[in-house]
Amino acid sequence: MRKVRDYDAELKALGDKARALRAKRVEQLGQLVATTGADALDAETLAGALLDAIGSKDTRAKEAWRAKGAAFFQRRGKKAGGADALDRSGAPAEPGGDTARGSSPTANG
């Protein structure tokens, strides 16, 4: 005889897993903000910058942002694990963040 499936328990387990994944994503996004140094911005400025990025139709600008982000993670990967360090440990690889923000090595003066 076949075992009866408990659909309610399966749905609850899936809901719990989805909530856990959303919570992990929110935590990782917060770590990304801190790691990039964007936590120095006030919430309104950061939200405005993100909204402009989302609403941008300029594909060249988006590609430039993507390339800059990829370079950021590659630099971090060479130093302390990069994006993988955020995923595996649950904490940024370098608590102080990366000081190499900007488009040139002298961007921070």
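Nothing here was measured: the structure is a model prediction, and the numbers come from that model. Atoms considered below: every heavy atom in the structure, side chains included; atoms not considered: hydrogens, waters and symmetry mates.
With respect to the salt-bridge test (charged N to carboxylate O, under 4.0 angstrom), the residues Asp16 and Lys12 qualify.
One distance of note links CZ of Arg22 with CD of Glu27; it measures 15.0 Å at 0.5 Å rounding. Taken from CG in Leu32 to CZ in Phe72, the straight-line distance is 7.0 Å, to the nearest 0.5 Å. A distance of 11.0 Å separates CD of Gln28 from OG1 of Thr35, quoted to the nearest 0.5 Å. One finds the CG atom of Leu14 at 10.5 Å from the CZ atom of Arg19 (value rounded to the nearest 0.5 Å). Going from atom CZ of Arg60 over to atom CG of Asp58 covers 6.0 Å, rounded to the nearest 0.5 Å.
Leu41 and Val33 fall within the same hydrophobic cluster, defined by Ile, Leu, Val, Met, Phe, Trp and Tyr side-chain heavy atoms under 4.5 Å apart, directly or through other members.
A donor-acceptor pair is defined here as one N or O able to donate and one able to accept, closer than 3.5 Å; such a pair exists between the side chain of Lys62 and the backbone of Ser56.
In the hydrophobic clustering, where aliphatic and aromatic side chains (Ile, Leu, Val, Met, Phe, Trp, Tyr) are joined below 4.5 Å either directly or transitively, Ile54 stands alone.
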